[in-house]
Amino acid sequence: MKTKNTMSKALAFLAILVMISSCNTDDIEASRDIEINNDQEALSTRMIEKNQAVNIITSSAGKKSKDLELTLKAELIPPSVNGSLLQATSVSLSGNSFLVSYNMAGETYHGGIDLIDGKLKLKSEIQFNDADINDVTIIGSDAYFAGGTSSLESPAFVEKISIQKGVFTLDNNTRVNIGSYTATSITNAGSSIYVTSGNDKALGGGVYQFTEDLTQQNYRGIEDARWVAEADGVVYCLSGNPASVNSFDSNLNAKFDFEHLAPSNAESKMTMDVDDELIFIAGGKEGLLVYDLDGNFLSQYTFEDNSITNAVTSDDGIVFISNGEGGVHVASYEDGEISMLGKLELESNESVNHILLRGNKLYVASGLGGIKLIEVKK
């Protein structure tokens, strides 16, 4: 996850006087540096329906243990803020609906969130004129997201925005500032929300626990906290430098920690996922790292084609790996054994920033290429 330069942050802060002007249309709602667009006719131009087969280029180094049928169902074009195209950063699901978050590459702070329904209709859009949105999750009728602003005093934040009648609204909008430079990830388990903030523990970086009204419950300082994941009541926090995974119970009481093989700089994105008693880590130049739930190293897979493994997602025996400009690879796993299947043959060449597999749906965040929704049949 890119941490923006603090000197540029200071210059940007002195230069920015942001206030979105009022608008007469009922489809636009604005407050502070946030604008909501519910004009679904205008938004519909960003969703392009497809029905194209996606081939898997079989890996010469592995075996194909499972037959997968992949179909590209739709592509979502990213929004623009002040004429600048945003890049997709994460996806979160709620039933058949899903959210997409966006940020801006470089030193400028712009972001967005899209709300898409089960019929692949883009229902509502939020734009942020002075905030990157790095990750998003959803609980009931509320969207929660993690990001950073140009503020010198409190750049990292977690925020909640309500969804009413299928669209975003600023009613009961809540933002809470947290420590360090930017909030890097967010997830929920039950009624708890967990947020990571990096990269400086001395400035409040680490993992936070909030209630649904964003009352802080607990905090644990962790250096360079990149990603948080939860599985079976255990909260896992991934760090890049030092290269480690810390685990906690649901109230952030420490359980155990272990070192992994992928130290990385502060500007690199790293994620992890937990499934079937395996911990998958996106390890940058070190590729895909696999550990058991006790932190024992099991296997490592590296990739060619300028690959920097930045995200990983797993579900029901299948794991997809995003490798930036190196594209998306897929493997199967069973009883701790990993079989690399190959690389997805996608038409566009955008760098892939994030990936999410849930059930038979694969969501590929292709940076400036937006989101690709792929149906997965086993």
Side-chain angles (χ1 to χ4, degrees), residues 1-2 48 50-78 85-91 100-103 105 226-227 262 264 267-273 280-290 299-315 317-333 338-358 360-378:
M1 180 60 62
K2 188 169 183 179
I48 303 172
K50 304 272 188 173
N51 193 31
Q52 300 176 359
V54 177
N55 296 322
I56 298 176
I57 304 171
T58 304
S59 171
S60 60
K63 60 181 181 178
K64 193 166 184 178
S65 60
K66 286 191 176 183
D67 292 324
L68 294 179
E69 181 180 335
L70 306 180
T71 304
L72 177 63
K73 304 300 290 185
E75 292 182 331
L76 177 62
I77 300 171
L85 194 65
L86 302 181
Q87 60 181 9
T89 55
S90 75
V91 179
V100 181
S101 65
Y102 300 88
N103 70 12
R226 304 292 186 84
W227 200 255
S264 62
E267 294 192 354
S268 300
K269 179 172 181 176
M270 299 178 69
T271 78
M272 66 187 302
D273 204 3
F280 300 94
I281 295 176
K285 293 181 180 180
E286 301 300 324
L288 173 68
L289 306 174
V290 186
S299 55
Q300 177 182 13
Y301 300 86
T302 57
F303 306 91
E304 300 176 350
D305 303 324
N306 298 318
S307 293
I308 302 294
T309 304
N310 55 30
V312 61
T313 182
S314 57
D315 191 36
I318 299 294
V319 56
F320 286 90
I321 308 104
S322 70
N323 292 302
E325 295 179 359
V328 177
H329 288 74
V330 58
S332 63
Y333 56 93
I338 312 294
S339 296
M340 195 59 58
L341 305 182
K343 178 180 177 180
L344 274 60
E345 191 173 30
L346 300 173
E347 291 182 354
S348 58
N349 296 317
E350 296 93 355
S351 179
V352 181
N353 295 338
H354 193 73
I355 196 162
L356 177 68
L357 173 67
R358 290 297 179 265
N360 68 337
K361 297 291 192 306
L362 174 69
Y363 304 83
V364 179
S366 301
L368 297 177
I371 294 291
K372 301 182 188 304
L373 173 58
I374 298 172
E375 184 179 68
V376 180
K377 291 184 179 180
K378 300 177 183 179

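Remember, predicted model here, so these are calculated numbers, not experimental data.
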What are the two closest non-hydrogen atoms of [X] and [Y], and how far apart are they?
| X | Y | answer |
| --- | --- | --- |
| V352 | V328 | CG2-CG2, 3.9 Å |
| M340 | V330 | SD-O, 3.5 Å |
| S101 | S90 | OG-OG, 2.6 Å |
| A311 | A282 | N-CB, 3.3 Å |
| T89 | H354 | O-CB, 3.2 Å |
| A88 | I371 | CB-CD1, 3.9 Å |

If you define the side chain from C-beta out and look only at heavy atoms, does anything of [X] sit under 4.5 Å from [Y]?
| X | Y | result |
| --- | --- | --- |
| L346 | I374 | yes |
| V376 | I318 | no |
| R226 | S264 | yes |
| Y301 | I321 | no |
| Q52 | T71 | no |
| L288 | F303 | yes |
| K361 | L373 | yes |
| V312 | W227 | no |

May I ask you to check whether N310 and S322 show a side-chain donor-acceptor distance below 3.5 Å?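 Short answer, yes.
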
With a 3.5 Å cut-off and no angle check, do the side chains of S314 and D273 form a donor-acceptor pair?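 A donor-acceptor contact under 3.5 Å links the two side chains.
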
Output yes when a side-chain donor or acceptor of E75 lies under 3.5 Å from a complementary backbone atom of G370, and no otherwise.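 Side chain of E75 to backbone of G370: no pair is present.
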
Spacing of [X] atom [atom1] and [Y] atom [atom2] [to the nearest 0.5 Å]:
| X | Y | atom1 | atom2 | value |
| --- | --- | --- | --- | --- |
| L356 | L362 | CG | CG | 8.0 Å |
| M270 | I281 | CE | CD1 | 6.5 Å |
| K343 | N55 | NZ | CG | 13.0 Å |
| H329 | I56 | NE2 | CD1 | 11.0 Å |
| E286 | I308 | CD | CD1 | 9.5 Å |
| K372 | L76 | NZ | CG | 10.5 Å |

Report the C-alpha distance between V290 and Q300 in whole Å, list the side-chain angles of each, state the deciding distance to 0.1 Å, and finish with yes or no for side chain to side chain contact (heavy atoms under 4.5 Å, CB included). CA-CA 6 Å; V290 186; Q300 177 182 13; over 6 Å; no

Derivation and outcome, side chain to side chain contact (heavy atoms under 4.5 Å, CB included), residues N103 and Q87: CA-CA 6 Å; N103 70 12; Q87 60 181 9; 2.9 Å; yes

For a side-chain contact (heavy atoms from CB on, under 4.5 Å) with L368, tell me which candidate from N353, I77, L85 qualifies.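 For L368, the side-chain contact (heavy atoms from CB on, under 4.5 Å) test succeeds with only one of N353, I77, L85, which is L85.
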
